[in-house]
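Here's the structure, in structure tokens; my notes come after.
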Amino acid sequence: MAVQAPIGTMTRSQTQRRRRIVQTAAALAVRGGVEAMQMRSVAERAGVALGTLYRYFPSKMDLVVAVVTEELDLLEGGIVRRPPTAATASGRAVDVLLRATRGLMREPELADALVRSLIMAEVKIELDVRISDLVWRVATGNLEGADATDEEAAEAGTGVDRESTGYVLVGSLTSVWIFELVEILKGRRDIDDAERRLQVAAERLLASF
């Protein structure tokens, strides 16, 4: 059984190789969706052996997750550079969730594959935790360290309090968002509909912020 290489233990060249693989997979997905992300094609275009690819990504779903994670990294960076300006916590939270929705929906097949993996628990990914952490920081005005590692955030005193009532409420809002994302992917909602529903949920859940 292939075991995914831990990112934190990679050398510089291994990190660069991993990034090249992810970028190659993303480029294939842009042109042909998830079906185009065949492991052999990704390996050939990235210039690595197929066995090397499987060492970094034991399954195609692991590769899909990596591509979507890149999108989340871009989202977090964008939020730090251009924070939501709404006067209320609910407004800022909805801003973050809509940016995440638009980012994911640029490649709906990838988003669909990711949501399916969340539902079926095919891979270990904490999309909901990452989004909840970001929304919590924005809602509480605690964006400092939002793009840092958990260790760096803890050292800076900006760690997310996941045991607090406020965080639980934010987590509930994230659950609503994931459901709305599923409805968009099924064609039952458009983004404007989802935005209205998220605003209602956020106003109720984050009223005490």
Side-chain angles (χ1 to χ4, degrees), residues 26 29 33-34 64-65 67-147 153 158-209:
V34 174
V64 168
V65 168
V67 172
V68 176
T69 297
E70 288 276 306
E71 184 65 44
L72 291 177
D73 291 341
L74 291 174
L75 170 67
E76 290 184 1
I79 292 294
V80 171
R81 290 190 302 271
R82 187 169 58 87
T85 57
T88 63
S90 62
R92 295 191 296 273
V94 171
D95 186 321
V96 172
L97 294 173
L98 287 177
R99 291 195 211 182
T101 301
R102 294 189 181 101
L104 289 171
M105 291 310 298
R106 280 199 290 269
E107 298 301 332
E109 288 197 21
L110 283 175
D112 182 67
L114 179 64
V115 169
R116 288 178 186 276
S117 76
L118 287 169
I119 295 172
M120 301 301 293
E122 294 174 12
V123 293
K124 177 175 173 53
I125 178 173
E126 297 183 340
L127 170 68
D128 53 341
V129 174
R130 286 195 65 178
I131 292 295
S132 293
D133 284 0
L134 185 57
V135 171
W136 187 88
R137 291 185 187 281
V138 169
T140 58
N142 188 21
L143 262 181
E144 182 181 355
D147 55 350
T158 58
V160 174
D161 182 4
R162 294 177 182 149
E163 301 301 320
S164 68
T165 299
Y167 188 88
V168 172
L169 292 170
V170 166
S172 296
L173 179 61
T174 301
S175 297
V176 172
W177 169 70
I178 292 175
F179 175 79
E180 291 300 319
L181 188 61
V182 170
E183 293 297 282
I184 291 172
L185 290 168
K186 288 181 177 179
R188 295 176 181 173
R189 268 222 249 292
D190 59 27
I191 292 180
D192 289 339
D193 290 334
E195 179 179 4
R196 286 190 291 271
R197 299 171 75 90
L198 285 170
Q199 284 174 338
V200 171
E203 287 171 2
R204 301 296 190 277
L205 288 169
L206 307 187
S208 61
F209 276 61

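Keep in mind the model is a prediction, meaning the values are calculated, not measured.
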Side chains of [X] and [Y]: does their closest heavy-atom pair fall under 4.5 Å?
X    : Y    : result
V135 : R92  : no
V176 : R197 : no
S208 : T165 : no
R130 : T69  : yes

Starting at [atom1] of [X], measure out to [atom2] of [Y] and round the result to the nearest 0.5 Å.
X    : Y   : atom1 : atom2 : value
F209 : S90 : CZ    : OG    : 10.5 Å
L198 : D95 : CG    : CG    : 11.5 Å
Q199 : T88 : CD    : OG1   : 9.0 Å

From CA spacing to verdict: side-chain contact (heavy atoms from CB on, under 4.5 Å), E76, I79
CA-CA 5 Å; E76 290 184 1; I79 292 294; 5.7 Å; no

Test log, rule side-chain contact (heavy atoms from CB on, under 4.5 Å), inputs I178 and I131
CA-CA 10 Å; I178 292 175; I131 292 295; over 6 Å; no

Give me the atom names and distance for the closest heavy-atom approach of [X] to [Y].
X    : Y    : value
T174 : S132 : OG1-OG, 2.8 Å
A89  : A139 : CB-O, 3.6 Å
Y167 : V129 : OH-O, 3.7 Å
A93  : L173 : CB-CD2, 3.9 Å

Checking E195 against L97 for the side-chain contact (heavy atoms from CB on, under 4.5 Å) test, could you report, in this order, the C-alpha distance in whole Å, the side-chain angles of both residues, the deciding distance, and whether it holds?
CA-CA 9 Å; E195 179 179 4; L97 294 173; over 6 Å; no

So does E183 get a backbone contact from the side chain of R189, meaning a donor-acceptor N/O pair under 3.5 Å?
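Checking the backbone N and O of E183 against the side chain of R189, no donor-acceptor pair under 3.5 Å is found.
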
Between R137 and D133, does any side-chain N to carboxylate O distance fall below 4.0 Å?
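Looking at R137 and D133, the cut-off is not met.
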
With I184, the side-chain contact (heavy atoms from CB on, under 4.5 Å) member among L104, D193, T101:
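Testing each of L104, D193, T101 against I184, the sole residue satisfying side-chain contact (heavy atoms from CB on, under 4.5 Å) is T101.
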
